[in-house]
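This report concerns only the one structure given below.
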Amino acid sequence: MTLSLNIGNLFNDSSTHALVDELRKRTSEEDILDFEEKFNSRNEKNLHIYICRFLKNRSISRGLASRWLMTIIESKESKIDALQN
C-alpha cells in the first residue's frame, strides 16, 4: 500500500492505518527524520501531532510512539543547540 503524504483535513481509517504502517516500517533514525520532513512539508499538521493522537487513541504502542517522538525531539534540540553555538 502506498501512503499518500497529503492527508489534509480528512483523516479516515485507511489513512490512519497506512500512516501507522509507515511508522512501524521505519526503524532507523535517518528513516524517521526523513519521513517526518516529507510528511511535515506536505500536510497542515506536523507528524508529532498525529503520533500524539494515535497514542491517545491507543492506535499505536507506547514504545513506537516514544521512539518516534524521542527521535524527533532530539533532532530538534540538536538543531537548536547548533544554532546557539
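In this text the structure is predicted, and so the values were computed from the model without any measurement. Values below: every heavy atom of this structure, side chains too, minus hydrogens, waters and symmetry copies.
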Original post:
Charged N to carboxylate O below 4.0 Å: is that the case for Asp34 and Lys38?
Top reply: yes
Original post:
CG/Asp31 to CG/Leu23 distance, rounded to the nearest 0.5 angstrom?
Top reply: 12.0 Å
Using atom types as modelled, flag every donor-acceptor pair under 3.5 Å from a side chain in residues 70-79 to any protein atom, sequence neighbours excluded.
| unit_1 | atom_1 | unit_2 | atom_2 | d |
| --- | --- | --- | --- | --- |
| Thr71 | OG1 | Arg67 | O | 2.7 |
| Lys76 | NZ | Glu36 | OE2 | 3.3 |
| Ser78 | OG | Glu74 | O | 3.4 |
| Ser78 | OG | Ser75 | O | 2.8 |

Original post:
Taking atom CG of Asn40 and atom CG of Leu47, what is their separation to the nearest 0.5 Å?
Top reply: 6.0 Å
Original post:
Do the side chains of Leu69 and Leu33 join up, straight or via other hydrophobic residues, at under 4.5 Å, putting them in one cluster?
Top reply: no
Subject >> Interatomic distance, Tyr50 atom OH to Trp68 atom CH2 [nearest 0.5 angstrom] >> reply: 14.5 Å
Original post:
What's the spacing between Phe54 CZ and Ile49 CD1 if we round to 0.5 Å?
Top reply: 12.0 Å
Subject >> side-chain contact (heavy atoms from CB on, under 4.5 Å) against Glu30, all qualifying residues, sequence neighbours excluded >> reply: Ser28
Pairs under 3.5 angstrom only: tabulate donor-acceptor contacts from the side chains of residues 55-66 to other protein residues two or more places apart or in another chain.
| unit_1 | atom_1 | unit_2 | atom_2 | d |
| --- | --- | --- | --- | --- |
| Asn57 | ND2 | Arg53 | O | 3.2 |
| Ser61 | OG | Leu64 | N | 3.0 |
| Ser66 | OG | Arg62 | O | 3.1 |
| Ser66 | OG | Gly63 | O | 2.9 |

Subject >> Gap between atom CZ of Arg24 and atom CG of Leu19 - 0.5 Å precision >> reply: 10.5 Å
